[in-house]
Structure formats: structure tokens, C-alpha cells
Chemist: 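Just dropping this structure here.
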Amino acid sequence: MCLLIKNGIVIDPARNIKKNCDVLTENAKIASVGESLESPDAEIIDAAGKIVMPGIVDMHVHLREPGFEAKETIQTGTFAALRGGVTSVACMPNTNPVADNASVINFILNRAKEAGNARVYPVGAITKNSEGKLLSEIAELKDAGAAAISDDGRPVNSAGVMRRAMQYASMLDLPVISHCENLDLAGEGVMHEGAVSTALGLKGIPASAEEVMVARDIILAEETGCRLHIAHVSTARSIQLVREAKARGVNVTAEVAPHHFTLTHEAVKGYNTFTKVNPPLREAKDVEAVKEGLADGTIDVIATDHAPHTMEEKDVEYDLAPFGIAGVETAAGLIWNELVKPGILNVEDAVAKITLNPARILGICAGTLVPGMPADIIAIEPNKEWEVDPEFFAGRSKNTPFAGKKLTGKVLITILNGIMVYKH
Ligand code: DOR
Ligand code: ZN
């Protein structure tokens with residue numbers, strides 16, 4: 001089966017391609033990218049005026065299975081991903097049981113295969129049960145198929161444990177994805193510590209709770225030589241720390257989630273628990289710093305931190321609600337609306353941060369349209385206006401602070417393995 005996608009604005013950061021041309025797939029692979037391609041038996045897709053790019057690689061997703069199937073399953077989460085243009089996800093290990101051993105990794109891979117939706121790359125836990133105490137069998141996790149290690153959802157609070165994890169990861173060439181949060185500083189906080197938390201009477205999480213851990217992990221990565229990836233950076237100083245570390249040659253990369261370049265702590269006024277997320281929504285100066293960090297290349301990746309929770313769990317007092325925003329179905333729209341349309345990122349850089357860069361960090365075969373690669377392709381209509389309506393989410397949970405938000409930029413088509421699996 002062949003697809004011929006005609007006359008799109010084709011973007012492939014791996015080869016610096018941005019031109020009006022065609023993409024041909026054959027046997028589930030990219031066959032060629034070029035002008036006036038022809039193929040007598042191919043199904044033709046007219047993509048005039050649409051961005052044609054590699055499927056999105058979302059390196060920070062919580063699929064919740066095993067253990068929290070009421071929030072999401074591998075089937076629903078990967079199906080929702082396809083609707084958001086996401087064809088590959090890395091899923092975080094904070095399931096029940098935690099993905100700290102080969103059998104959980106195997107379970108996830110098997111379920112993902114059964115689902116047959118977006119490709120799934122499991123992230124193994126750094127420590128047993130993500131308790132921050134005893135290291136997991138990191139080599140076993142890698143052999144089973146873990147693409148990275150992380151205790152995401154929680155920090156590795158002990159610097160000694162993190163240092164040893166980094167030494168193993170460095171030997172095995174696995175990236176360490178760090179959830180940077182100092183628990184002493186974060187305390188019982190439920191939102192960013194600042195003027196808004198004071199006005200609302202909610203306990204705050206200071207910016208320093210994130211920043212001291214970013215600084216610590218950069219120092220440890222510098223010492224151990226491990227590949228460090230900082231998850232969901234949210235503050236100006238965190239970004240400055242990454243910028244300085246990169247300048248002195250530390251092997252560090254960083255990601256930001258769409259809510260951290262779209263919203264500030266002002267959104268918490270009204271106590272909507274869908275704004276409760278960890279790290280929390282920060283100040284306007286932090287949002288500005290995130291945009292600068294994206295523009296100057298300090299932030300390599302945009303990843304959703306898709307964190308589905310049920311209505312019942314979120315429909316409680318702000319203090320009691322779980323942290324998390326469901327993100328896979330709104331990411332592309334937010335990136336276009338908030339970054340590409342206002343000219344903060346050019347389209348090539350925006351595409352690189354959601355395709356090539358995360359694929360390189362994870363070392364996976366995805367994120368480019370180079371011939372021979374899996375035919376995972378999406379088409380985005382850059383000027384299409386739409387309104388976020390969580391009722392139409394395919395994911396099991398609807399916890400988004402963006403309901404009713406008007407966005408410009410919509411995923412129209414998702415192709416996985418050379419098959420059109422979603423069409424708007
Ligand atoms: O908001 C968050 N939700 N942040 C995390 O680090 C974990 C995640 C979750 O698992 O719900
Ligand atoms: Zn996290």
C-alpha cells in the first residue's frame with residue numbers, strides 16, 4: 001500500500017527541508033520526498049497549503065496502565081495521541097506496579113502492540129517503586145526496551161542515589177530524565193509561590209524547589225558524563241542554568257510543556273483544579289523566559305506531560321486534587337497558536353522540537369522523513385481555527401484548563417506506518 005501526499009509544505013528538520021513538494025510512502029516506509037512525484041497505484045492525498053511533517057514524538061506522557069485504568073489506558077492514551085498528531089510516545093513509569101523491572105516494561109510493550117496506535121517507548125524507573133532509595137536493575141530495564149530512566153512524578157531526592165543512577169546510565173548510554181523538585185522546598189505546596197498563592201490562600205511551591213535540583217543534576221551530569229534531560233522546566237532560572245551548562249559543554253537537554261508557555265499562575269484564580277499541575281504554572285517573567293529558551297535553543301523539546309486524571313479526582317478542593325493536565329490532544333494547536341503564529345519559533349524549529357530532537361534524545365527510529373524511515377507523517381492546517389472541547393477528546397480524561405480556548409493550527413491527518421489512522 002502506497003500513499004502519495006501531494007503539494008504540502010514539507011518540513012523535515014533532519015535534512016533542513018522546507019519546501020513545497022510531495023511525500024511518497026511504500027510498504028509502511030518513507031519512499032521519497034521531492035517534487036512532482038508519481039506512483040500509479042498510490043492513494044493520493046492533496047495537502048496543498050498544509051504543513052506535512054514527521055509524526056510528533058511526545059517524550060513525556062503518562063499512559064497510566066498498569067494500575068490506573070480509570071484515568072487512561074495504553075489503548076485510549078495512544079489513540080488520543082494519534083488524534084493529536086502524536087505517533088510516538090515515551091511513557092512514564094509511575095504506574096502501579098511501577099515500571100521498575102523488565103516484566104512491567106514487557107507488559108507495556110505488549111499492550112501497546114495490541115493497541116496498534118502510537119508507538120510506545122517505555123521509560124523505566126530509576127529506583128525501585130520510584131521511592132528514591134534502591135536503584136532499579138537499570139541494565140535489565142534497557143534490555144527489556146526502556147528508552148530512558150526517570151522517577152518522574154517524583155524527584156530522586158538523594159543526590160547520592162541520583163549520582164549512582166547517572167553512572168550506570170552513562171555506562172549504558174541511557175538518558176536520565178529528571179523531574180526536578182526539592183521536596184523540602186515544595187512542601188505541601190499546591191501552586192506557584194507568589195502573589196497569587198498569597199491572595200488565594202493556597203500553599204506555594206517556590207521556584208527554587210525546581211531550580212536547586214536543576215543545578216544539582218547538571219553538576220552530577222557534568223561529573224558522571226551521563227546524558228541528562230530535564231523534564232518540564234518551568235522557571236526563568238532553571239532555563240538560565242541549562243543555558244549556562246550547555247555553554248560549558250554539559251550533556252544536558254531540556255523540555256517544556258505547552259501549559260508552561262501558555263498560562264501563568266493567574267489562571268489558578270477561580271480555583272479550577274484543571275490548572276493544578278506539577279511543576280506549577282509560574283509567573284509572566286517565567287513564561288517569557290520559556291519562550292526565549294525555546295527561541296535560542298536552550299529548550300530542545302516540547303513534550304506534553306500528558307497527565308490524565310478522572311473528573312471525580314479533580315472535582316474536589318484545590319488542595320486535594322491531583323496534579324496534572326491531559327495534553328496530547330491540544331499540544332499541536334497550542335504550539336502553533338502560542339509559538340508559531342506570533343513568530344516566537346519558526347515552523348522548522350517548532351517541528352524539530354516535537355520530532356527530531358526528542359527522537360534523537362531517546363535514540364529511536366522516528367521524527368524524520370528520511371527515506372527508509374517508518375512512514376509516520378502528519379498534516380497540519382496552520383490557519384485552521386478551532387475551539388478546544390474536551391467532550392470530543394478521545395482520551396479517557398478531560399482535565400484540561402484550555403476548554404473553550406480558540407486555537408489556530410489543527411492536525412488534519414495522521415499517518416502511522418503508511419496508513420491513514422486519523423482524518424479530521
Ligand atoms: O502534574 C503532574 N502530573 N506532574 C507530574 O510530575 C506527575 C504527573 C502525574 O503523574 O499525574
Ligand atoms: Zn514530572
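As the structure lists them, so they are numbered: ligands from 1, and atoms in each ligand from 1.
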Chemist: Distance only, no hydrogens: is a donor on one side chain within 3.5 Å (strictly under) of an acceptor on the other, for T235 and R282?
Modeler: no
Chemist: Would you check if there is a donor-acceptor pair between the side chains of S136 and D100 at a distance under 3.5 Å?
Modeler: no
Chemist: Any idea which protein heavy atom is nearest atom 2 (C) of ligand 1, and the distance to it?
Modeler: N278 O, 3.5 Å
Chemist: Looking only at protein heavy atoms, identify the closest one to atom 3 (N) of ligand 1 and say how far it is in Å.
Modeler: F323 O, 3.1 Å
Chemist: Salt bridge (Lys or Arg N to Asp or Glu O under 4.0 Å) with D300: which of R360, R227, K246?
Modeler: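 When salt bridge (Lys or Arg N to Asp or Glu O under 4.0 Å) is applied between D300 and each of R360, R227, K246, only K246 qualifies.
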Chemist: Numbering the atoms of ligand 1 from 1, which are under 4.0 Å from a heavy atom of H309?
Modeler: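 Heavy-atom distances to H309 below 4.0 Å select 11 (O).
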Chemist: Which ligand 1 atoms, with their elements, are less than 4.0 angstrom from a heavy-atom of A307?
Modeler: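 It comes down to these atoms of ligand 1: 3 (N), 8 (C), 9 (C), 11 (O).
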Chemist: Could you check whether any heavy atom of R64 sits closer than 4.0 Å to an atom of ligand 1, since that is the contact criterion I want to use?
Modeler: yes
Chemist: Could you tell me whether E385 and K406 have a side-chain N and a carboxylate O separated by less than 4.0 Å?
Modeler: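 Looking at K406 together with E385, the answer is no, because their closest N to O distance does not fall below 4.0 Å.
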Chemist: Is the closest N or O pair between G324 and ligand 1 shorter than 3.5 Å?
Modeler: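 By distance alone, the answer is yes.
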Chemist: Heavy-atom distances under 4.0 Å decide this one: backbone, side chain, both or neither, for H179 against ligand 1?
Modeler: side chain
Chemist: Against heavy atoms of V277, which atoms of ligand 1 measure under 4.0 Å?
Modeler: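 So the atoms of ligand 1 that pass are 1 (O).
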Chemist: Between the side chains of R111 and E114, is the shortest nitrogen-to-carboxylate-oxygen separation below 4.0 Å, so that they form an ion pair?
Modeler: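 Yes, this pair counts.
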Chemist: Return the residue, atom name and 0.1 Å-rounded distance of the protein heavy atom closest to atom 7 (C) of ligand 1.
Modeler: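 Ranking protein heavy atoms by distance from atom 7 (C) of ligand 1, first comes G153 CA, 3.7 Å.
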Chemist: Should the pair R396-E65 be classified as a salt bridge under the 4.0 Å nitrogen-to-oxygen rule?
Modeler: no
Chemist: Side chain, backbone, both or neither: which part of I325 comes within less than 4.0 Å of ligand 1 when only heavy atoms are counted?
Modeler: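 For I325, there is no contact with ligand 1 at all, from either part.
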Chemist: For E72 and T76, test the side chains for any donor-to-acceptor distance below 3.5 angstrom and give the result as yes or no.
Modeler: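 Yes, T76 and E72 have a side-chain donor paired with an acceptor closer than 3.5 Å.
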Chemist: Checking H265 now: which residues fulfil ring pair (Phe, Tyr, Trp, His ring centres under 6.0 Å) with it, not counting sequence neighbours?
Modeler: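 Ring pair (Phe, Tyr, Trp, His ring centres under 6.0 Å) check on H265 returns H192.
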Chemist: Less than 4.0 angstrom from a charged side-chain N to a carboxylate O is my criterion; do E211 and R237 meet it?
Modeler: yes
Chemist: What are the protein N, O or S atoms, given as residue plus atom name, that sit under 2.8 Å from the Zn ion (ligand 2)?
Modeler: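 N, O, S partners closer than 2.8 Å: D152 OD1, H179 ND1, H232 NE2.
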Chemist: Measure the CG-OG1 distance between D389 and T400 for me, rounded to the nearest 0.5 Å.
Modeler: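 With rounding to 0.5 Å, CG (D389) is 10.5 Å from OG1 (T400).
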Chemist: Heavy-atom contacts with D305 under 4.0 Å: which atoms of ligand 1 show up? List them by number with element.
Modeler: 4 (N)
Chemist: L281 and side chain to side chain contact (heavy atoms under 4.5 Å, CB included): which single residue from H260, K276, E266 fits?
Modeler: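 Answer after filtering H260, K276, E266: H260.
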Chemist: Test of understanding: given a 4.0 Å heavy-atom threshold, classify the contact between K276 and ligand 1 as side chain, backbone, both, or neither.
Modeler: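 Within the 4.0 Å criterion, K276 makes no contact with ligand 1.
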Chemist: Would you check, one step at a time, whether the test side-chain hydrogen bond (donor to acceptor under 3.5 Å, both in side chains) holds for D152 with H60?
Modeler: CA-CA 9 Å; D152 183 63; H60 194 141; 2.9 Å; yes
